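All heavy atoms count here, side chains included; hydrogens, waters and symmetry mates do not. It should be emphasised that the depicted structure is a prediction, and the values quoted were computed from it without experimental measurement. Just so it is clear: chains get the letters A, B, ... in the order the sequence lines come, proteins before strands, and each one is counted from 1.
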Amino acid sequence: MLDPGLIRRDPERVRRGLLAKGEVADIDWFLQLDREGSEVVTELEQLNARKNRLSEEIGKRKRAGEDIEALRAESAEIDPKKKQLEERKDRLRSDLMRILMRLPNLPLDDVPVGTGSEQNVVVATWGAPREQSFRPKAHWDLGADLGMLDAKRAAKVAGSGFSLLSGQLAQLERALVNYMLDLHTREHGYREVGVPYLVLGTSLEGSSQLPKLEAEMYRCRDDDLWLIPTAEVPLTNVHAREILTQAELPIRYTAFSPCFRREAGAAGADTRGLIRMHQFHKVELMVYTLPEESDAELLRIREHAESVLRNLGLHYRVLELCTGDMSFGSARTYDLEVWAPGCGRWLEVSSVSTFGDFQARRAGIRFRREGGKPEHVHTLNGSGLALPRVIVGVLENYQREDGSVEIPDVLRPYMGWRTEIRA
RNA sequence: GGAGAGAUGGCUGAGUGGUCGAAAGCGCCGCAUUGCUAAUGCGGUGUGGGGGUCAAACCCCACCUCGGGUUCGAAUCCCGAUCUCUCCGCCA
């Protein structure tokens with residue numbers, strides 16, 4: 001949520017920022033409701049103060065055995081006016097909240113301005129495509145030929161958009177998960193968390209998937225629970241409505257979780273292979289930090305995610321997303337893309353974002369400096385990494401001409417010291 | 001799923017209609033005392049909003065899980081919801 005105070009103080013800046021995000025918002029309407037709201041609140045509080053005085057006085061007189069009827073009548077007279085103001089206040093407040101909850105975060109000042117993915121900027125590239133003296137297969141053929149990736153049976157069980165990994169390929173995924181969690185917890189200072197995969201709607205509002213992305217998520221209507229689209233949701237809400245101490249920050253969490261996405265807007269795209277699934281696994285990195293630390297922390301998380309790819313020996317590049325391609329809540333985002341020679345394309349395996357205080361305002365996550373007033377923390381998160389596309393990267397890059405796949409060094413301890421995947 | 005009990009400030013825990021934003025203890029902060037530590041004494045110590053101020057002081061409103069209701073007045077009475085705990089049942 002944007003700071004209402006900022007909208008009041010500098011509506012032009014807000015308008016500009018929203019526009020860069022591709023959002024045309026009626027800021028004047030907000031400001032008008034906002035003004036009206038504070039007038040109503042002031043008036044209402046004056047009535048309350050009056051009523052409190054009267055009640056106090058009635059108590060005193062009653063104890064003194066004096067007559068209280070006149071005062072009681074005066075107090076009762078206030079009620080209808082009070083009720084009316086209360087209704088107006090509630091209405092204004094919910095209108096304002098509805099507007100605020102739908103306004104995206106502002107991009108940081110130096111984020112490249114653009115309208116779509118074509119204007120994203122490549123800010124780093126690591127490695128080079130591996131030497132392959134043969135024509136590399138796409139992972140869907142490679143996996144099927146190994147007998148370890150079965151699209152047909154996955155569809156039989158769950159319909160389109162699901163995968164079925166088996167044998168050494170299923171083990172490879174588990175190895176990757178364990179490797180990444182070990183790396184982040186042992187070397188990067190994250191605390192591992194096991195999170196709920198079903199969450200309340202309020203949690204999704206807190207991390208800013210709702211209301212905008214409602215159509216992207218699976219919902220259990222009988223219980224008003226939602227399947228998480230990412231572990232970012234539970235992780236960001238761990239400290240919702242809390243006031244942390246400065247000494248507790250930063251808090252760095254990592255979690256493995258499945259992610260469930262309806263991909264409602266992507267029908268027909270990436271229908272083959274593991275690239276776009278209704279369910280996939282991900283290791284997530286999430287940080288709560290001091291405002292002045294968040295810029296540096298964003299680069300740190302990016303580095304932690306990049307290190308996984310480097311250690312796996314995968315050729316990748318880093319994009320800074322332009323204003324028009326960033327997500328609703330993000331103030332700056334880096335995407336990590338791994339090169340997949342079989343498909344012949346770059347695949348996004350991580351998205352690392354800072355939200356500033358945007359999520360913290362929504363979820364009510366604050367901290368207190370020594371002797372100070374509570375302030376909102378900054379939240380950041382990044383994938384570290386998303387499994388299916390990393391598997392694609394490993395398969396397509398490490399495949400051999402005979403259809404077997406070399407296992408990257410760092411994963412071998414997690415694969416029983418096996419060195420290759422072979423049918 | 002059935003039966004019951006409960007939800008008060010950072011924590012423990014009093015409080016059944018007015019002087020309760022809330023006793024007491026613990027914790028924390030400050031000061032005093034003190035070879036050091038410990039102990040002791042005194043004072044302070046919630047959150048949000050609005051007003052006020054250069055900044056404070058200060059003033060007002062709201063908050064005793066949440067939402068309704070009764071009442072001039074609710075932590076306290078009534079209704080509903082949520083959550084927690086115990087027992088039974090079921091279950092990976």
Which nucleotide, if any, forms a Watson-Crick or G-U wobble pair with [N], using both distances under 3.5 Å?
N: B/rC31; value: B/rG41
N: B/rG46; value: B/rC63
N: B/rC36; value: none
N: B/rA22; value: none
N: B/rG4; value: B/rC85
N: B/rG17; value: none
N: B/rC90; value: none
N: B/rC54; value: none

Inset, instruction - Give the minimum heavy-atom separation between A/F256 and A/Y197, together with the two atoms involved. - result: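 What the structure gives for the nearest pair is O-OH, 3.9 Å.
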Is [Y] paired with [X] through a side-chain N to carboxylate O contact shorter than 4.0 Å?
X: A/D270; Y: A/R345; result: yes
X: A/R16; Y: A/D109; result: no
X: A/R15; Y: A/D28; result: yes
X: A/R102; Y: A/E23; result: no

Say you pick atom [atom1] in [N] and the same atom in [M]; how far apart are they, in whole Å?
N: B/rG52; M: B/rA57; atom1: P; answer: 15 Å
N: B/rA62; M: B/rC54; atom1: C1'; answer: 29 Å
N: B/rG15; M: B/rU65; atom1: P; answer: 15 Å
N: B/rG13; M: B/rG18; atom1: P; answer: 25 Å
N: B/rU19; M: B/rC64; atom1: P; answer: 14 Å
N: B/rC88; M: B/rG25; atom1: C1'; answer: 38 Å
N: B/rG44; M: B/rA22; atom1: P; answer: 12 Å
N: B/rA5; M: B/rC61; atom1: C1'; answer: 36 Å

Rounded to the nearest angstrom, tell me the gap between atom [atom1] in [X] and atom [atom2] in [N].
X: A/K82; N: B/rG73; atom1: NZ; atom2: P; answer: 7 Å
X: A/E86; N: B/rG69; atom1: CD; atom2: C1'; answer: 13 Å
X: A/Y197; N: B/rA92; atom1: OH; atom2: C1'; answer: 15 Å

Legend entry - Annotated protein contacts, base or backbone, on nucleotides 47-66 of chain B with a non-hydrogen cut-off under 4.0 Å, one of B, S, - each: SSB----------BBS----
Inset, instruction - Would you tell me if any nitrogen or oxygen in the side chain of A/K60 comes within less than 4.0 Å of OP1 or OP2 on B/rU19? - result: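 No, outside the criterion.
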Inset, instruction - Just call it for A/L71: base, sugar-phosphate, or nothing, with non-hydrogen atoms closer than 4.0 Å on any strand. - result: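 No contact.
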Inset, instruction - Report which part of the nucleic acid A/S55 touches: base, sugar-phosphate, or nothing (heavy-atom distance under 4.0 Å, all strands). - result: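 Touches a base.
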Inset, instruction - Report the relative orientation of the aromatic rings in A/H278 and A/F162; use parallel for angles under 30°, tilted for 30 to 60°, perpendicular for over 60°. - result: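 If you compare the ring of A/H278 with that of A/F162, the planes turn out tilted.
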Pairs under 3.5 angstrom only: tabulate donor-acceptor contacts from the side chains of residues 408-423 of chain A to other protein residues two or more places apart or in another chain.
{"unit_1": "A/D409", "atom_1": "OD1", "unit_2": "A/R412", "atom_2": "NH1", "d": "3.4"}
{"unit_1": "A/R412", "atom_1": "NE", "unit_2": "A/I407", "atom_2": "O", "d": "2.8"}
{"unit_1": "A/R412", "atom_1": "NH2", "unit_2": "A/E406", "atom_2": "OE2", "d": "3.4"}
{"unit_1": "A/R412", "atom_1": "NH2", "unit_2": "A/I407", "atom_2": "O", "d": "3.0"}
{"unit_1": "A/Y414", "atom_1": "OH", "unit_2": "A/D182", "atom_2": "OD2", "d": "2.6"}
{"unit_1": "A/E420", "atom_1": "OE1", "unit_2": "A/R400", "atom_2": "NH1", "d": "2.5"}
{"unit_1": "A/E420", "atom_1": "OE1", "unit_2": "A/R422", "atom_2": "NH2", "d": "3.3"}
{"unit_1": "A/E420", "atom_1": "OE2", "unit_2": "A/R422", "atom_2": "NE", "d": "2.7"}
{"unit_1": "A/R422", "atom_1": "NH1", "unit_2": "A/D402", "atom_2": "OD2", "d": "3.2"}
{"unit_1": "A/R422", "atom_1": "NH2", "unit_2": "A/D402", "atom_2": "OD2", "d": "3.2"}

Legend entry - RNA chain B: 5'-proximal contact among A/D90 and A/A76 (nearest heavy atom):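 Mapping each residue to its closest nucleotide by heavy atoms, the 5'-most match is A/D90.
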Inset, instruction - Could you tell me whether the side chains of A/T379 and A/Q359 share a donor-acceptor contact shorter than 3.5 Å? - result: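 Side chains of A/T379 and A/Q359: pair found under 3.5 Å.
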Legend entry - For A/F358, all residues meeting ring-ring contact (aromatic ring centres under 6.0 Å, His included), sequence neighbours excluded: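 For A/F358 the ring-ring contact (aromatic ring centres under 6.0 Å, His included) partners, ignoring immediate neighbours, are A/F328.
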Legend entry - hbond_proxy A/K51 side chain to B/rG73 base (donor-acceptor, 3.5 Å cutoff):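 Check fails, no donor-acceptor contact within cut-off.
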